[in-house]
Structure formats: structure tokens, C-alpha cells
Amino acid sequence: MTTTTRRDLPTRYDAAAVEPGIYQRWLESGAFAPAAEPPAGAERFVITMPPPNVTGALHNGHAVFVTLEDLLIRYHRMRGDDTLWVPGVDHASIAAQFVLDRIIGEEGETRASLGRERYLERMWQFMDETRGVIGHQMRRLGASADWSRERFTMDDGSARAVRVAFKRLWDADLAYRGEALVNWCPRCRTTISDLENVKHEEAGTLWRIRYHLARPDGSPDPDAWITVATTRPETIFGDTAVAVHPDDERYRALVGREAILPFLGRRLPIIADDHVERAFGTGAVKITPAHDFDDYEVGQRHGLPIVNVLDEDARLNDDAGEFAGLDRYEARPRILERLSAMGDLEGEEPHQMVIGRCERCGTVVEPRLSIQWFVRTEPLAERAMASVRNGRTRIIPPHFEKVYAHWMENIHDWAVGRQLWWGHRIPAWYCPDGHITVSDAEEGPDACATCGRPATELTQETDIFDTWFSSGLWPFSTLGWPDDTPDYRRFYPTSVMETGYDILFFWVARMMMLGLFLTDGEPFHTVFLHGIVRGEGGVKMSKTKGNVVDPLEVVEEFGADALRFALTASTSPGSDQRLTEAKIAGARNFTNKLWNAARFVIGARPDPLAAPAGELGLPERWIASRLADATARATRQLDDLDPAGYAGGLHDFAWSDYCDWFLEMAKLELRRDGASDGERARVWWTAARTLAGTLRLLHPIVPFATEEIWTRLHALDPALTDGEPLLISAHWPQPGERDALADAQVADLIELVRSVRNLRSGAGLPAGEWIPLAVAPADDATARGLETALRFLEPMARVRPITLRSGETAPSGAPATTGGLGVAWLERAEAATERDGSGREAYLREGIRRLEALLGDARFVERAPPTVVERERARVEELRIQLASLTGNDA
RNA sequence: GGGCGAUUAGCUCAGCUGGUUAGAGUGCACGGUUCACAUCCGUGAGGUCACUGGUUCGAAUCCAGUAUCGCCCACCA
């Protein structure tokens, strides 16, 4: 038999060196995948994760979701639940095309030069190169997802789900095709959703332009005009009216007359509409229905013609006369120049305005009139709202329920078509007569659903779906839907959907709407939203700012456990957090602390190990009680989705209770003269078993270090691990019994040790010197139990000898302290001359003063609950006794 | 223009449904080579809980208002 000793183990835990090997062992053990059959009576726990963009490398924002989801799944796996975590990536059509366009650009190609087919071939090739990156990074962080079920939103299963979903929406009249003004990115050359149209406050200019009034013969009156204010002179060619407010006295006489459009000479009716803000600009607005959302509505109200003057690249088209062919921003100054030359540019002023830019490329978004596919969202939103309102799906933190509800209430129809190539093509076919056939068959329809023309005469829609359409199906499409598969039956609906609050609308809302409609149930019962990870100084990490911390670099330096712990310990649902190197280093120190505690335990094993003998001593009973408490708390916190509380609580338990106090006491017991081999064995077993219990509790958050230590404990003696060779598959512990007496006794001991150390330090006594101490026990009962306590007090406070002085009080001037165990004072002449370092007396006096004031207040005694009054009375009594024993006076 | 959140030690943050003299980590100061760990151990300093009112026997905690910061939504061109 080989014996492991401390010497065999390095004093520092080298996370980066051991983590990959541990992950490999987990993989080989098959621990990540659910059992073939659900365990009898097991509860279900299924994670819905946000599939990251296939194109992007993982950043620390992703590390948060990997960490939180992994910790939940590991916890529930240990609980014996029927767990599943399906990993995967999103095809991110617009983002992927953006990246690929750049790549092929470097190769001298463009989208147009390649054509759709070759472009898509190139895209799949690109996917082969990048698809594995995210998965690799997730694994490095320890993600215990079921990789055998890994999915991609462009795989066949997703494609089928998309077709079926859309067909059902179409059949239910929840999808339609129609003309509408949509957000258009001239650079990406596609429609984007409202959410992708990011508003920015920017400095612009407001120009005042004269539109001459029309004379009866239709010619412009050189001496009469109406001045409009605009920020977009280049859309002038699309004007079809001038609007003023109906109550605006300045213009009342003009309503009903006509103005002449500069350059083109078109006659524009002057109309009255409430939409116009009298105080803004000149109070007169040019109405351009094809290029402004407001104007479009005004146009609808007044039956105005719609004139589109921009092409898909945002260049002026042939309707722009002499300016045709110019880019919108090239045209602007030229138009202004000409207007100025004509004397019709009345003036300009700086103007702060909100401008929409494409989330992906930053180009100013152009409202564009086109025929698009829409999903009718109102009926879907109604249900999605109800599910949250009635609690069938809860959102954490709860205040996001309001945000969610507000968005749902004001929802617009969802323009789902994208004029891109990389994505799921909309399964709609047009026949020459204009009929639309939507089919969910992979090969498309056999014939026009309306007139029966054969498939050969039909042409498929070229638009693809918004990426979020397929993501919206994720919780069930990844489980085999629309087929009634075993996975779907077993794992749907899912349990916790964990993601960042920034995609609440993009993704969560869509999953709710589509899930409820398509599966007739909520896709998950809990939405857990985490915050954004910011860097040093609180700035959001972004590539352009160059402050992105690569999780893999962190992992290499500090270990995945450290990153996971740092992220978890300072996460608060829905709130942003700052990730600093100091935090990560602190977490790394914690894993090192665990490692060294294990080194001690392993090295301290008596050899040979006798059979444990005797009753559990005070430190053993105490740590068992503390472990019971830590277990109960950790369990509750994980059930309540309080990962930060869980991490923090165990950090304290492991570091403070177990290492600082229990192991220190255990050392003394193991080395105590006169201890029998059986007693030593008993103490060691407690130390080792408690360590094992702590590892179980910590495993979800620091899986690697705990697994590594577990392995060594198991090798040392399988009895320590209950014969469970791998911690990842070990069971979550049940909390043991609390021991109130041991809790109190050790709490008193700790207080006394601290107080005496405090006295020493305050008296300026050298750290290494042994100082005589006198102790007067609080009472006879304490006196009888004091022997054990003093055994620990002596070395821990470095006091010797300790003399019992029952009934005595501290001589005046002696550094003294008191607590539950009684009074203690340093017996040392020169110490007495030093200042009283404890401050204990002042503390007690202040406490008594406050409580007496409180209890002397008749209103408090009369109105506060009796239990509270009673508790305060008992407290003041306790403090009085302590003070009396300390000073020798009857206080 | 609406709405939401935040404001607690130098820094990063806990503090649940109101009830000891408000905590932790980190930083700082001082002291430590006793054989788990200096990525460590011990001791200490440091906070009128943003401000003003109110409710209450009692408020960091509940209510109202104010200020500052942040975020989300929104059709003044």
C-alpha cells in the first residue's frame, strides 16, 4: 500500500495544470449526459442556455452564463435530479455575414462577386473553422453540458423546426406579408428589427427651408413661402405635403393651399395634423412618407402619395432629378448649396437628435418602404404576458417583470424577413398569379395551394428569417420538436432559462411567445437574468475599447475555478458587476487554501491508523454542527437561485470555520500528549470527513479543485468518499444535526481566544512570548467544562500557565476581558503598566448605557412586542454580569 | 418625455420580510520562519448607510420628495 504524504504534494495548487485532465475524466465518465432512463422519482432539471454567436470568441460575459448554468446543473445532478443541459451555438446571420464579408473582402471578393450559392459554401467552410471555438472555451471553463446533444441553429433539426413553426403561424393567420416601413441598414443591405436599430444621441443640424406657395396657375410665388424645418434635406424629393398644427394661428390661413417643392416643382398640399409640434423648428414640417415613420403615419391619415427616393444603398434614385445617384450624405451639402443659391435656405441651427444606427455595423439606419414578412405579435404577446403575470413563469430579479410587461404591451409586429443569405430561407413560394404557398416540407410544396400550379412554376422567397426566429425555438427545437421525441417528452418544458438581461426582448420574449403558441406551454418556469460584466473602472467590456479580458487567459493564469468563483461571488441577479484582477486573485487564493487544507489532512493521517475511539470532542461536535448549518444554507441558497450567497457562505465556512478554527484545534488534538491512537484517529476522521463534505458543497462552483482533492481522498481511503470515485457524480449531502451546545461553547472559546490575543496585542507583548493568564469561570457549570476550552486557549492565544481563579475578579489595571466563559486577565507586571488594549470594559459600558436608555423608555416597554423587550432585558443583564466580573464591582 | 435601478469602509460589494454597538473581501498600518498554506497567520484603524422630511417604541431597511450616476423604452422633423 502506498501512503500519500504532504511532501508528495506541491504547496501551491496549479489549477491550469490539473484542470484539463480532470475535465477529460469527467467526459470519459459519461457524467454530463442524463441516464438512459430517468431515475425513479427524480425531479427534472433542465437548463436553457443562450446559444452564443458562432462567430464570436467567448468573453467574460459568456463566462458568467457558463459558470451559473454549470453550477446549477452540477448541483441538481448531485441531487440526483434528471438533469439536462443542451449546449450549442447560434448561426447569427447578420453578424456572421458581417464577419465573412470582411474575410472575403481581404480575398478580393464580394457578396455579389461570389453569388448566393458560392457565398453560402464559403460560409459553411467558415463555420467549420469557427464552430468549435466556443465549445472548446466552454469546456475549458468546466461546462458540464451534454455535448452529445450539441446543437446549432442551422442544423437540420432547427431547419425543420423553423419551417413547421412558420407554417403554423401562417395557418393561424399570425404571419403575413405586407408593405410597411421598416428599418433598413444600407451597409448590411437588410431589414433589421427595432431592437437592432440602436438609438444614439448625436449632434445634428436643423435647416430651415423655404417652400414657395403656389400661385393659382401652379407656379411658385417668389414673395410668399412657408418655411419648413428639417434635419434631412436630402429626402426633400420624397415630400408629398407640408404639415402644420391645426391650432397654429401663424399658418391657419395657409392650410388647404399648396406649396411648391424646390427643384421638382411638385405641388404639395399644406395640411393640418396634430402630430406637428408648434414650438419646434418653424412649426411647419415637410412630410416624407417613404422615409420617416411619423411622416408615414401622417401620410396614411391624409391619403398622401408615397414617393421613395432612395435605393437599397441609400443613394438618391431617379426621382431626385439632378441629384440622382448620389449617396444620401453626398447629396445633402449639394442640395443645401443649391437651396442657398436660390435664396431658399433661410438658416440653420445646431440640433441634438436621436439617431438610429445598425447594431452590427454602426451605419445610420434608413426607414425604407418595402414588402416584408411579419409575425403578428399582439396575440402572442398577450399569452406571454399572462404567463408571467400569473406566475407560471417567474423572472429573477422580479422587477424585470415590469420591464417585460411594458415591452409586451407596446409590441409591434415583428418583421422577420432579412435580405441576407446566411440563415433559414422563408418557406414561402409564389406562383405567377401572386398566390402564396407556405410549406413545411423540406422539398417545398408540390403545387400552389390556391390555384394548383405545379411546383415547377413556383419560386421561393429569397429572404431569410431573422436569427432570433430560430433562437426563439431553441428550448424545444433542441429537444426534437416538432417531433414528439423521447427527449421532448422527458425534458420539456425546461426549468431555468439563464441569460443576460440585455437580451430579454431579443430572445426571452420571443421564446415565450413562440413557445406558448407552438407547444402550448411555457418553455421554462424560471427566467434568471444576470448582469453585464464590466472591467476595471466600471466600463463595459468591448473590443473597440480594448478592455476585453479573455477568459482563457484568466483561466491560464488563475484557473477556471478562480474565474468561476470570482464571477459567482459577486453576481447579483439583474445587476452589473465589475470583474477585477484582485477579485480573481482572491478566488485563486481560496482554491489554494482548499488545496492546502487537503494537504494538511492527508499528511496528518496517523500511520498506522487505529480504530477511532472515544466520544466526539468539542471541536468535532462543533465542526459537524457548522457543516450541518453550511449544508442547509447552501442547499437553500441554490434552491433560491442565490449563487452569490452560496459562494460567499461556503467561502466563510471553509476558510474561517474549518481552516482557521477547526483545523487549528484538530492539530492540537492530534499532537496532544496523552491522546490515545484511537482518539487521534477519531479526530483525523472528523477532519477528513468534514473536508469531504465541504468538497461536495463546493463542487458546483469550484469543480476542478474539489475533484482533484476528492480524487486524492478517495485514493487515501474510499471510506472518506463513501466509495464514490468521482465527485461530479457524488451525491449532494443532507444536512446533519445541529449541536447548539457545541455551537455556543466554541463561540465562547473563539471569543475568549480573540479577546486574549487582543489583550496581548494591546499590551504590546511580543508575539512569541508566553504570558501567564488568570481565568475566573463565569459559573460552576462553565468551570466544569472549562478544561477542554483552556487546552485550546493556551496555544492559540500563547498564554501559559493558565491559572484558575474561581470567584476572583481582575486586579485593577490588569489587562482583562470577559465573555461567556468568564473573566480572563494577563498576569504580568509590565503588562499592567501598558494601556488597556481590550476596550472590553468600554464596550460593555456603552452597551449597558444604550440598553438602559432603551429600557428606560416607557414607550418602548409598552409598545414593542414583549419578546423583544424581554430579549433586551436579558441582554443588559448579561452585560452587567460581565462588566461586574471584569471590574469586581457590582454594577 | 416616460419607466426602472443604484447611492453602505479608500476600492468592490453583502445586509431577506424594520429589532444587539452595520458586515465581508480587498487595500492600508502594526506584528508574525510553531513542521497545510506568505496565494499564509494574528491584531488594528477606517462608515453621521447620498440628502430632507414622514411613519414607528425603534429605520441602512418602509413611505414621500430632492440630488447624483447608470440603464431601458419612446414618433419633436
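Below, read A as the first sequence line, B as the second, and so on, with proteins coming before strands; counting in each chain starts at 1.
Here B/C41 presents its P atom at 9 Å from CG of A/N589, a figure rounded to the nearest Å. In this structure, A/I532 atom CD1 and B/C72 atom C1' are separated by 11 Å, rounded to whole Å. Rounded to an integer number of Å, the gap from A/R850 CZ to B/C57 P is 21 Å. If you measure from atom CD of A/E872 to atom P of B/C57, you get 16 Å, rounded to the nearest angstrom. Rounded to an integer number of Å, the gap from A/M796 CE to B/G32 P is 21 Å. As rounded to whole Å, 13 Å separates atom P of B/G44 from atom OH of A/Y843. One interatomic measurement links the two molecules: CG of A/L195 to C1' of B/C72, which rounds to 11 Å at whole-angstrom precision. Atom C1' of nucleotide B/G27 and atom NZ of A/K583 are separated by 14 Å, given to the nearest angstrom.
Note on A/R871: only backbone sugar-phosphate atoms sit closer than 4.0 angstrom, heavy atoms only; bases stay farther off. Using a 4.0 Å heavy-atom distance criterion, A/E862 is classed as making no nucleic acid contact. Using a 4.0 Å heavy-atom cutoff across all strands shown, A/T230 reaches sugar-phosphate atoms only and no base atom. Within 4.0 Å (heavy atoms only), A/P865 reaches at least one base atom of the nucleic acid. Among the heavy atoms of the strands, none lies under 4.0 Å from A/V861. Within the 4.0 angstrom heavy-atom criterion, only backbone atoms of the sugar-phosphate kind lie near A/W655; the bases stay farther away. No contact: A/G281 has no heavy atom under 4.0 Å from any strand. Residue contacts for A/S572: at a heavy-atom cut-off of 4.0 Å it reaches the sugar-phosphate backbone alone, with no base atom in range.
Pairing for B/G23 goes to B/C13, judged as Watson-Crick or G-U wobble with the two contacts each under 3.5 Å. Pairing for B/U33 is absent, with no Watson-Crick or G-U wobble pair whose two atom distances lie under 3.5 Å. Base-pair partner of B/G65: B/C51 (Watson-Crick or G-U wobble, both distances under 3.5 Å). In this structure, B/A74 forms no base pair with any nucleotide, since neither Watson-Crick nor G-U wobble geometry is met with both distances under 3.5 Å. In a base pair of the Watson-Crick type (N1 to N3 plus N6-O4 or O6-N4) or a G-U wobble (N1-O2 and O6-N3), with each distance short of 3.5 Å, B/C28 is matched with B/G44. Base pairing of B/G18: no nucleotide in any strand meets the Watson-Crick or G-U wobble criterion (both distances under 3.5 Å).
In this structure, A/H412 and A/Y13 both approach RNA chain B, and ranking their closest nucleotides by distance from the 5' end singles out A/Y13. Place A/A767 and A/R754 on RNA chain B by their nearest nucleotides, and A/A767 ends up nearer the 5' end.
Separating the C1' atom of B/A60 from that of B/C13 is a span of 15 Å, rounded to the nearest Å. Only the C1' atoms considered, B/C11 is 31 Å distant from B/A36, to the nearest whole Å. Distance noted for atom P between B/U61 and B/G15: 15 Å (whole Å). The P atoms of B/A64 and B/U55 are separated by 15 Å, rounded to the nearest whole Å. Nucleotides B/G18 and B/C62 have their C1' atoms positioned 7 Å apart, rounded to a whole Å.
The phosphate of B/A77 has OP1 or OP2 within less than 4.0 Å of a side-chain N or O from A/H351. Regarding contacts with the backbone of B/A77, every side-chain N or O of A/T288 stays at 4.0 angstrom or more from both OP1 and OP2. Note on A/R588: every side-chain N or O is 4.0 Å or more away from OP1 and OP2 of B/U39. Within the 4.0 Å cut-off from OP1 or OP2 of B/U39, not a single side-chain nitrogen or oxygen of A/N596 is found. For A/N410 and B/A74, the shortest distance from a side-chain N or O to OP1 or OP2 is not below 4.0 Å. Here A/R859 does not reach the OP1 or OP2 of B/C57: none of its side-chain N or O atoms lies under 4.0 Å away. Not one side-chain nitrogen or oxygen of A/W661 sits closer than 4.0 Å to the OP1 or OP2 atom of B/C41. At B/C41, one or more side-chain N or O atoms of A/K593 fall inside 4.0 Å of OP1 or OP2 (strictly under the cut-off).
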Stepwise side chain to side chain contact (heavy atoms under 4.5 Å, CB included) test for A/D292 and A/R232: CA-CA 10 Å; A/D292 183 278; A/R232 300 213 54 196; over 6 Å; no
Residues A/D657, A/F662; criterion side chain to side chain contact (heavy atoms under 4.5 Å, CB included); working and verdict: CA-CA 6 Å; A/D657 290 347; A/F662 173 73; over 6 Å; no
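For the salt bridge (Lys or Arg N to Asp or Glu O under 4.0 Å) test with A/E852, the passing option among A/R845, A/R875, A/R880 is A/R880; the others fail.
Salt bridge absent: A/R278 and A/D248 never bring a charged side-chain N and a carboxylate O closer than 4.0 Å. The pair A/E669-A/R672 counts as a salt bridge, with a side-chain nitrogen and a carboxylate oxygen less than 4.0 angstrom apart. Between A/E846 and A/R849 there is a salt bridge, with a side-chain nitrogen of the basic residue lying less than 4.0 Å from a carboxylate oxygen of the acidic one. Of the charged side-chain nitrogens involved, at least one lies within less than 4.0 Å of a carboxylate oxygen, so that A/E870 and A/R873 count as a salt-bridged pair.
If you check distances only, the side chain of A/R875 does reach the base of B/U20 with a donor-acceptor pair under 3.5 Å. Applying the 3.5 Å distance criterion, the base of B/U39 shares a donor-acceptor pair with the side chain of A/R12.
Under the 3.5 Å distance criterion, with hydrogens and angles disregarded, no donor-acceptor pair is assigned to the side chains of A/E348 and A/T205.
Stacking is not found between A/W407 and the pyrimidine-like six-membered ring of the B/C73 base under the 5.5 Å centre-distance and 30° plane-angle cut-offs.
Minimum atom distance to the side chain of A/H399 is reached by B/G5, of the listed B/G5, B/A77, B/U43. In this structure, of B/A36, B/C75, B/U43, it is B/C75 that holds the atom nearest to the side chain of A/D294.
Sorted by first then second residue, the salt bridge (Lys or Arg N to Asp or Glu O under 4.0 Å) pairs that include residues 395-407 of chain A, not counting sequence neighbours, number zero.
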